[in-house]
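Basis for what follows: all heavy atoms, side chains included, without hydrogens, waters or symmetry-related copies.
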Amino acid sequence: MKNAARSSPILMKRAGVCLAHFEARPASPLSPPLILIHGWTGDHRIFTPQIEYFAHSRHVVAVNLRGHGESDGPKQEYTIEGFADDVAWQCAELKLEKPLIIGHSMGGSVALDLCGRHPDQVSGLVMIDSIVTPGSALRKSADVGRLLDEISGPNYRAVLRKNALSMAVDYDDFARRESIHNMYIQPSCEKTPQHVAYSAMRNYILNYDASPAASRCKVPMAYISADVPLVNATRDLDWLKARCLQLILAKTLLAGHFNTIEVADQVNAMLDRFLAVGLRRRATT
């Protein structure tokens with residue numbers, strides 16, 4: 001069994017653009033397979049513990065979104081819908097049969113959009129600490145305007161580092177936070193082109209409407225939150241629950257935004273439970 005977190009990427013061309021993913025699986029994998037979708041300026045490394053844990057039992061595919069990681073980053077607009085279309089295409093090309101779609105941060109919104117528009121192609125959805133639907137207050141806030149200005153400015157890599165460190169929250173000692181950041185987060189931030197980072201964030205916060213996807217999403221669904229003030233104030237799970245009655249809510253204990261790394265044992269246990277029991281839970285209306 002290959003360690004996908006440390007292996008070479010697999011590249012597939014879609015209309016001339018190389019899209020990368022990493023795979024791992026045992027000889028006889030259980031169903032369903034898992035698709036892992038990272039967040040803004042991230043890559044597959046944020047799921048390293050999940051890849052290593054679930055590859056003993058399932059076919060695991062960790063994508064690099066267009067413009068991120070080892071995927072090409074052409075000059076274009078980067079949208080949630082576009083990312084979701086890419087991942088749906090990758091699933092079809094790999095002939096994955098009804099995978100469970102798992103998305104972290106912005107990747108959770110990509111996962112929701114995919115599942116809302118392709119409900120017959122997936123078995124379920126797990127969102128991990130995502131801003132579900134940026135409201136008008138967030139879109140008009142001075143903080144968002146300042147962030148976008150900084151991302152488009154000359155010091156944007158320093159902005160990404162500062163933002164990532166603040167999202168970890170002060171649960172672990174600083175040395176562990178720094179180690180996690182330097183190993184799993186900063187390398188992908190350094191690799192993400194500025195035009196990709198800016199376009200993806202602008203379109204996610206200012207232009208994306210999750211309502212159609214949420215209203216159509218009837219597959220089994222869970223949301224795993226962390227404890228980050230910014231995401232806590234903007235995730236709006238009441239809004240999501242009103243549209244997705246099958247939604248199961250969970251929360252990791254004493255972990256920041258990168259809980260897939262910080263408290264991997266908690267996240268893996270929740271995903272195990274959802275695979276064993278949660279996939280039976282479907283919308284009833």
Would you call [X]-[Y] a salt bridge at under 4.0 Å N-O?
| X | Y | result |
| --- | --- | --- |
| Asp113 | Arg117 | yes |
| Lys95 | Glu93 | no |
| Asp120 | Lys98 | no |

Quick check for you: to the nearest 0.5 Å, what is the distance between [X] atom [atom1] and [Y] atom [atom2]?
| X | Y | atom1 | atom2 | value |
| --- | --- | --- | --- | --- |
| Leu148 | Leu206 | CG | CG | 5.5 Å |
| Ile224 | Ser130 | CD1 | OG | 10.0 Å |
| Leu271 | Leu100 | CG | CG | 7.5 Å |
| Met201 | Ser152 | CE | OG | 12.5 Å |
| Cys91 | Leu96 | SG | CG | 5.0 Å |
| Leu160 | Ile151 | CG | CD1 | 6.5 Å |

Common cluster, [X]/[Y], ILVMFWY with side-chain heavy-atom separation under 4.5 Å:
| X | Y | value |
| --- | --- | --- |
| Met167 | Leu253 | yes |
| Val126 | Leu30 | no |
| Leu11 | Leu65 | no |
| Val277 | Val122 | no |
| Leu240 | Ile101 | yes |

Polar side chain donor-acceptor pair, [X] to [Y], under 3.5 angstrom:
| X | Y | answer |
| --- | --- | --- |
| Asn259 | Gln266 | no |
| Tyr53 | Asp265 | no |
| His257 | Asp129 | yes |
| Glu150 | Asn155 | no |
| Asn232 | Asp227 | yes |
| Asp209 | Ser211 | yes |
| Ser109 | Tyr204 | yes |

Taking C-beta and beyond as the side chain, do [X] and [Y] meet within less than 4.5 Å on heavy atoms?
| X | Y | answer |
| --- | --- | --- |
| Pro32 | Leu275 | yes |
| Thr79 | Asn207 | no |
| Arg243 | Ser215 | yes |
| His21 | Met12 | yes |
| Ile185 | Phe258 | yes |
| Leu247 | Tyr223 | yes |
| Met127 | His104 | no |
| Arg176 | Glu262 | yes |

Out of the candidates Asp72, Asp86, Asp85, only one should pair with Arg14 under the side-chain hydrogen bond (donor to acceptor under 3.5 Å, both in side chains) rule; please name it.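 When side-chain hydrogen bond (donor to acceptor under 3.5 Å, both in side chains) is applied between Arg14 and each of Asp72, Asp86, Asp85, only Asp86 qualifies.
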Can Glu178 and Asn182 be said to form a side chain to side chain contact (heavy atoms under 4.5 Å, CB included), step by step? CA-CA 6 Å; Glu178 277 273 288; Asn182 292 340; 4.1 Å; yes
Treating [X] as the side-chain partner and [Y] as the backbone partner, does any N or O pair qualify as donor plus acceptor under 3.5 Å?
| X | Y | answer |
| --- | --- | --- |
| Arg45 | Met183 | no |
| Gln50 | Thr260 | yes |
| Asn203 | Ser199 | yes |
| Glu70 | Leu19 | no |
| Thr252 | Ala255 | no |
| Arg161 | Arg157 | no |
| His59 | Pro33 | no |
| Ser188 | Thr41 | yes |
| Arg58 | Ser31 | yes |
| Arg146 | Ser141 | no |

Could you walk me through whether Lys162 and Val159 pass the side chain to side chain contact (heavy atoms under 4.5 Å, CB included) check? CA-CA 5 Å; Lys162 179 182 177 182; Val159 172; 5.8 Å; no
Which pair of non-hydrogen atoms, one from [X] and one from [Y], has the smallest distance, and what is that distance?
| X | Y | result |
| --- | --- | --- |
| Cys217 | Leu125 | SG-CD2, 4.0 Å |
| Ile261 | Ile180 | CG2-CG2, 3.7 Å |
| Ala197 | Trp40 | O-NE1, 2.8 Å |
| Leu165 | Arg177 | O-NH2, 3.1 Å |
| Ala24 | Ala55 | CB-CB, 3.6 Å |
| Cys115 | Gly124 | SG-O, 4.1 Å |

Stepwise side chain to side chain contact (heavy atoms under 4.5 Å, CB included) test for Asn268 and Phe54: CA-CA 8 Å; Asn268 291 347; Phe54 285 102; 3.9 Å; yes
Look at the rings of Tyr78 and Phe83 and say which category their plane angle falls in: under 30° parallel, 30 to 60° tilted, over 60° perpendicular.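 Tilted, since the angle between the ring planes falls between 30° and 60°.
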Step through it carefully: locate the ring centre of His44, locate the ring centre of His38, and say whether they are under 6.0 Å apart.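 Judged by ring-centre distance (under 6.0 Å), His44 and His38 do not meet the cut-off.
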Is the number of heavy atoms from other residues, nucleotides or ligands under 6.0 Å of Glu97 CD greater than 12?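 Result for CD/Glu97: open.
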Can you tell me if Arg139 has over 12 outside heavy atoms packed within less than 6.0 Å of its CZ?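 More than 12 heavy atoms, drawn from other residues, nucleotides or ligands, come within 6.0 Å of this atom.
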Begin from the C-alpha positions of Val132 and Thr234 and carry the test side chain to side chain contact (heavy atoms under 4.5 Å, CB included) through to its verdict. CA-CA 8 Å; Val132 177; Thr234 56; over 6 Å; no
